[in-house]
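Quick caveat: nothing in here was measured; it's all calculated off a predicted structure.
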Amino acid sequence: VLGEEGAHQGRGSGRTDGLVSKRSLSAKDVAKLADILAVWTKHRAVYRNFEKNSRKKTLEGLRMLVDGEGRDIQDRLREIKEKKLLKGLQIPAISLLLYWSRPDAYPPFNAKTKAFLEDSKMASPGMSASSPACYARWLGFAELLGAKLHLPSVGHVDRVVTKYYDSLRR
């Protein structure tokens with residue numbers, strides 16, 4: 001259920017397909033998800049707290065995150081945070097899980113995004129990875145940016161961000 005687009009882009013979601021449809025998660029499932037996130041973020045140690053979280057809560061959090069499309073993203077993220085369902089994951093990792101699940105709708109917000117926005121003079125107060133409200137504000141901006149750039153979906157904003165970021169590293 002955590003989608004094909006991320007797998008297509010080599011970001012690992014192909015290995016997490018079906019995770020939220022399981023009856024329960026094993027420690028191995030959670031460790032594997034942490035490993036996949038770490039491959040992308042290059043920071044494995046930050047996911048140790050996530051691995052210590054109750055697997056029942058983790059599964060509930062993942063389900064709320066990716067299967068809760070009928071609810072506003074800000075409300076879902078706020079509830080996940082308040083109930084500590086994905087304890088140990090911050091908005092950058094959570095937004096990546098959202099992106100893997102729905103690449104057309106949820107571009108991640110992370111260090112690459114921040115650099116792109118700052119360098120392009122598009123950074124705005126309250127648009128960051130610091131809270132559910134800030135991530136929701138980023139999504140609204142990404143929708144406007146995607147429309148202005150005539151992108152097929154808001155998720156394609158991440159491709160623009162990644163191309164820009166990768167060009168800096170050359």
Quick one: closest heavy-atom pair of Tyr106 and Val154, and the distance? N-CG1, 4.5 Å
Should Leu151 and Leu139 be counted in the same cluster of Ile, Leu, Val, Met, Phe, Trp and Tyr side chains packed under 4.5 Å apart? yes
Using side-chain heavy atoms (C-beta onward) and a distance below 4.5 Å, is Phe109 in contact with Leu98? no
Give a yes or no answer on whether the side chain of Lys42 reaches the backbone of Val39 with a donor-acceptor pair at less than 3.5 Å. yes
Just how far is it from atom CG of Asn110 to atom NZ of Lys114, taken to the nearest 0.5 Å? 11.5 Å
Within this structure, what is the CG-CG distance for the pair Leu149 and Leu144, rounded to the nearest 0.5 Å? 11.0 Å
Tyr47 OH to Asn53 CG distance, which is reported to the nearest 0.5 Å: 14.5 Å
Nearest non-hydrogen partners of Leu65 and Ile94, listed with the distance: CD1-CG2, 3.6 Å
Find out whether Leu77 and Ile91 are in side-chain contact, i.e. whether some heavy atom of one side chain is under 4.5 Å from a heavy atom of the other. yes
Of the non-hydrogen atoms in Ile73 and Ala136, which two are nearest, and what is the gap between them? CG2-CB, 4.5 Å
Any heavy-atom pair between the side chains of Leu33 and Leu62 that's under 4.5 Å? yes
Answer yes if Leu117 and Val160 sit in the same cluster of Ile, Leu, Val, Met, Phe, Trp and Tyr residues linked by side chain heavy atoms under 4.5 Å apart, and no otherwise. yes
Would you mind reporting whether Ser54 and Leu85 have side-chain heavy atoms less than 4.5 Å apart? no
Measure the CD-CZ distance between Gln74 and Arg137 for me, rounded to the nearest 0.5 Å. 7.5 Å
ILVMFWY network linking Val46 to Leu97, side-chain heavy atoms under 4.5 angstrom: yes
Close side-chain approach of Ser95 and Tyr135, heavy atoms under 4.5 Å: yes
Using the salt bridge (charged side-chain N to carboxylate O under 4.0 Å, His left out) rule, take Arg78 and Asp75 through it: C-alpha gap first, then chi angles, then the decisive distance, then the call. CA-CA 5 Å; Arg78 189 178 6 244; Asp75 293 339; 3.0 Å; yes
Short side-chain to backbone donor-acceptor contact, Arg55 and Leu25, under 3.5 Å: yes
Looking at every heavy atom in both Ala38 and Arg44, which two are closest together, and how far apart are they? CB-CD, 3.3 Å
Go through it in stages, so that I can follow the logic: the residues are Thr113 and Phe116, the test is side-chain contact (heavy atoms from CB on, under 4.5 Å), and I'd like the CA-CA distance, side-chain angles, deciding distance and then a yes or no. CA-CA 5 Å; Thr113 313; Phe116 171 78; 5.7 Å; no
Looking only at heavy atoms, the pair that brings Val30 and Glu51 closest together is CG1-CA, 3.8 Å
Any Met64 side-chain heavy atom under 4.5 Å of Glu79 side chain: yes
With the side chain counted from C-beta on, respond yes when Leu89 and Leu37 share a heavy-atom pair under 4.5 Å apart, and no when they do not. yes
Would you say the side-chain atoms of Ser128 pair up with the backbone N or O of Cys134, donor to acceptor, closer than 3.5 Å? no
Nearest 0.5 Å, please: how far is NZ in Lys83 from NZ in Lys57? 9.5 Å
Can you name the nearest heavy-atom pair linking Pro103 to Ser153, along with the distance? O-OG, 4.4 Å
Is the closest side-chain heavy-atom distance between Met122 and Met127 below 4.5 Å? no
Tyr164 and Ser120: side-chain donor and acceptor closer than 3.5 Å? no
Quick check for you: to the nearest 0.5 Å, what is the distance between Phe141 atom CZ and Lys148 atom NZ? 9.0 Å
Can you list the steps and then say if Leu59 with Arg63 is a side-chain contact (heavy atoms from CB on, under 4.5 Å)? CA-CA 6 Å; Leu59 183 56; Arg63 285 178 177 157; 3.4 Å; yes
